[in-house]
Amino acid sequence: MTTPTNADRQALKLGEALTEIGVSRAAFYRMRARGQAPRHLKLPNGQIRIRRADLDAWFDSCEVQEAC
C-alpha cells in the first residue's frame, strides 16, 4: 500500500475541475446523474470537490483504443 501524496489528496472546487475538463456545470450534473462523472466528494455544506487523483483516473478511463 502506498501513502497518498499531497497532490493525490488535493481537492479541486467544482468550478476548477469543470474549467479543466471543459464542460459546463449543467453538463457535469447530467453526467453525474448518468453515473459518468468523476468520483467526487459532497461536503456537508453541499459543495462538491473532486480529488486530483480521481480526476486523473477519470481522464484515463475516457481514453479510447482505436482499431487499426
Side-chain angles (χ1 to χ4, degrees):
M1 185 169 147
T2 60
T3 304
T5 64
N6 284 340
D8 293 333
R9 287 190 295 236
Q10 177 190 13
L12 302 170
K13 292 180 179 178
L14 182 58
E16 295 169 337
L18 294 178
T19 298
E20 188 168 328
I21 62 177
V23 300
S24 68
R25 190 172 294 266
F28 172 81
Y29 283 108
R30 284 192 302 270
M31 290 166 50
R32 183 179 171 198
R34 293 188 305 252
Q36 298 173 335
R39 284 182 51 180
H40 53 280
L41 307 165
K42 186 169 183 184
L43 302 178
N45 63 3
Q47 293 182 359
I48 293 177
R49 298 286 188 269
I50 301 174
R51 288 188 187 106
R52 164 58 52 197
D54 291 335
L55 186 60
D56 291 343
W58 178 80
F59 270 127
D60 291 343
S61 73
C62 291
E63 186 173 337
V64 177
Q65 299 275 334
E66 293 292 330
C68 295

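Remember, it's a predicted structure, so these values are computed and weren't measured experimentally. In what follows, every heavy atom counts, from backbone to side chain, and hydrogens, waters and symmetry copies are set aside.
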Hey, can you pull the donor-acceptor pairs under 3.5 Å for the side chains in residues 28-35, sequence neighbours left out?
{"from": "R32", "atom 1": "NE", "to": "H40", "atom 2": "NE2", "distance (Å)": "3.2"}
{"from": "R34", "atom 1": "NE", "to": "Q36", "atom 2": "OE1", "distance (Å)": "2.9"}
{"from": "R34", "atom 1": "NH2", "to": "Q36", "atom 2": "OE1", "distance (Å)": "3.2"}

Distance in Å, [X] [atom1] paired with [Y] [atom2], rounded so as to fall on 0.5 Å steps:
X: R25; Y: L18; atom1: CZ; atom2: CG; answer: 6.0 Å
X: L43; Y: K13; atom1: CG; atom2: NZ; answer: 10.5 Å
X: I48; Y: L12; atom1: CD1; atom2: CG; answer: 13.0 Å
X: I50; Y: I21; atom1: CD1; atom2: CD1; answer: 6.0 Å

My understanding is that only residues two or more places apart in sequence, or in another chain, count here; which of them pass side chain to side chain donor-acceptor pair (under 3.5 Å) with Q47? R49
Suppose we screen for salt bridge (Lys or Arg N to Asp or Glu O under 4.0 Å). Which residues come up paired with E16, at least two apart in sequence or across chains? none
